[in-house]
Amino acid sequence: MNKPIRKKGSSARKDALLEIKKETELMKFLIEALPHKSRQNIKTLLSKKQIEVNGSITSQFNFLLHPGDELKIKGERAAEVVNLSGFSIIFEDEYLIVIDKHAGILSMGNESEKKHTAYNFLSQHVKRSDPSNKIFIVHRLDRETSGLMVFAKSAEV
């Protein structure tokens, strides 16, 4: 039987890494590999996007596994997908976020609108990984102007 290989993680709960030895369906494999978990617990792992096969998250219970596939059971739930109304993130790294702002959305708040702004949405986005994170506007675009905007993740940048 496949045994988990524990890897160091940044979270309190560690990820378990399993190598697939024979062709089987994901749910059947997880039930056999995790005898201490109930079927409902395993369904929760799938629905919370905590199962990765070869680096891709899957929640499909009948996903076909092949010998040599690498299955990771993540100790933490997958990050929530952010619905960014009015813009999309084009690039993000540890220093910058570049967005494509659509016409009609404010770059930053004013007296009449403080919530539906690029700044507010991105501020919430970076705080999901760490509540102390901040963003800094490098430049602004008028409400009716669309285009690329750059935000820094630190005052130094």
Side-chain angles (χ1 to χ4, degrees), residues 1-105 115-138 146-154 156-157:
M1 169 163 247
N2 297 307
K3 294 197 180 206
I5 301 168
R6 297 286 178 190
K7 285 199 162 188
K8 290 182 181 179
S10 58
S11 62
R13 295 183 190 177
K14 296 187 176 162
D15 297 343
L17 189 61
L18 302 168
E19 186 179 335
I20 308 307
K21 305 266 190 227
K22 64 180 183 176
E23 191 168 291
T24 186
E25 286 187 353
L26 179 59
M27 187 67 162
K28 182 180 178 192
F29 175 81
L30 290 172
I31 289 169
E32 289 175 8
L34 305 171
H36 60 286
K37 297 250 186 222
S38 71
R39 188 175 188 87
Q40 189 58 47
N41 290 148
I42 293 170
K43 285 181 179 180
T44 300
L45 289 172
L46 290 167
S47 69
K48 299 296 183 185
K49 302 186 182 338
Q50 290 178 257
I51 304 296
E52 273 184 19
V53 178
N54 298 326
S56 296
I57 293 172
T58 185
S59 58
Q60 185 180 345
F61 71 93
N62 62 348
F63 184 88
L64 190 58
L65 300 171
H66 302 283
D69 283 350
E70 191 174 89
L71 184 137
K72 183 189 289 185
I73 303 168
K74 298 186 335 180
E76 298 293 326
R77 295 177 179 178
E80 185 180 321
V81 175
V82 183
N83 183 7
L84 305 172
S85 176
F87 65 92
S88 52
I89 296 176
I90 301 299
F91 173 81
E92 181 174 3
D93 67 11
E94 61 189 287
Y95 306 106
L96 298 171
I97 301 178
V98 179
I99 66 166
D100 182 8
K101 185 186 90 62
H102 305 169
I105 187 168
K115 288 194 173 197
H116 193 68
T117 67
Y119 176 85
N120 187 47
F121 282 116
L122 285 177
S123 182
Q124 291 176 25
H125 170 70
V126 299
K127 287 180 186 295
R128 280 187 178 87
S129 60
D130 182 349
S132 67
N133 285 345
K134 294 181 181 181
I135 60 166
F136 302 85
I137 297 176
V138 174
S146 63
L148 298 180
M149 285 186 66
V150 179
F151 291 80
K153 290 187 173 180
S154 71
E156 296 79 32
V157 172

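Counting only distance, with no hydrogens or angles, the side chain of D15 and the backbone of G75 share a donor-acceptor pair below 3.5 Å. K153 places a side-chain N or O within donor-acceptor distance of the main-chain N or O of D93, the cut-off being under 3.5 Å. Proximity of a side-chain donor or acceptor of K127 to a complementary backbone N or O of N133 within less than 3.5 Å is detected. In terms of modelled atom types and a separation under 3.5 Å, the side chain of D100 and the main chain of L148 share no donor-acceptor contact. With E92 contributing its side chain and I97 its backbone, the two residues share no donor-acceptor pair below 3.5 Å.
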Report the C-alpha distance between I89 and H125 in whole Å, list the side-chain angles of each, state the deciding distance to 0.1 Å, and finish with yes or no for side chain to side chain contact (heavy atoms under 4.5 Å, CB included). CA-CA 11 Å; I89 296 176; H125 170 70; 3.7 Å; yes
Between F87 and L122, is a side chain to side chain contact (heavy atoms under 4.5 Å, CB included) present by the stated rule, with each step listed? CA-CA 10 Å; F87 65 92; L122 285 177; 3.9 Å; yes
Residues I20, V53; criterion side chain to side chain contact (heavy atoms under 4.5 Å, CB included); working and verdict: CA-CA 10 Å; I20 308 307; V53 178; over 6 Å; no
Check the pair V138 / V157 against side chain to side chain contact (heavy atoms under 4.5 Å, CB included), numbers first and verdict last. CA-CA 9 Å; V138 174; V157 172; over 6 Å; no
List the steps, then state whether side-chain hydrogen bond (donor to acceptor under 3.5 Å, both in side chains) holds for N120 with S123. CA-CA 5 Å; N120 187 47; S123 182; 5.6 Å; no
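Between L96 and F151 there is no side-chain heavy-atom pair separated by less than 4.5 Å. You'll find the side chain of I73 reaches within 4.5 Å of the side chain of L45, heavy atoms only. Under the 4.5 Å side-chain criterion, counting only non-hydrogen atoms from C-beta, L18 is in contact with F29. A 4.5 Å side-chain heavy-atom check between S88 and I90 finds at least one atom pair inside the cut-off. Contact annotation: the side chain of M27 approaches that of R39 to within less than 4.5 Å [non-hydrogen atoms, C-beta and beyond]. For the pair E23 and H66, the minimum side-chain heavy-atom distance is below 4.5 Å. Residues I57 and K74 have side chains in contact (heavy-atom distance under 4.5 Å, counting atoms from C-beta outward).
Heavy atoms from other residues, nucleotides or ligands lying under 6.0 Å from NZ of K134 number 12 at most.
When every heavy atom of Q60 is checked against every heavy atom of L26, the shortest pair comes out as O-CD2, 3.5 Å. Scanning both residues, S146 and A103, for their nearest heavy atoms gives CB-N, 3.6 Å. I99 approaches A118 most closely through the heavy-atom pair CD1-CB, 3.8 Å.
Taking OG1 from T58 and CG from L64, the interatomic distance works out to 11.0 Å, rounded to the nearest 0.5 Å. Atom CD1 of residue I31 and atom CD of residue E25 lie 10.5 Å apart, to the nearest 0.5 angstrom. Here the straight-line distance linking atom CG of L30 with atom CD1 of I51 works out to 5.0 Å at 0.5 Å rounding. Taking CD from Q124 and CD1 from I135, the interatomic distance works out to 10.0 Å, rounded to the nearest 0.5 Å. Distance check: S154 OG to F136 CZ gives 6.5 Å after rounding to the nearest 0.5 Å.
Using cut-offs of 30° and 60° on the angle between ring planes, the pair F121 and H116 is perpendicular.
Side chain to side chain, N41 and S38 meet the donor-acceptor criterion of an N or O pair below 3.5 Å.
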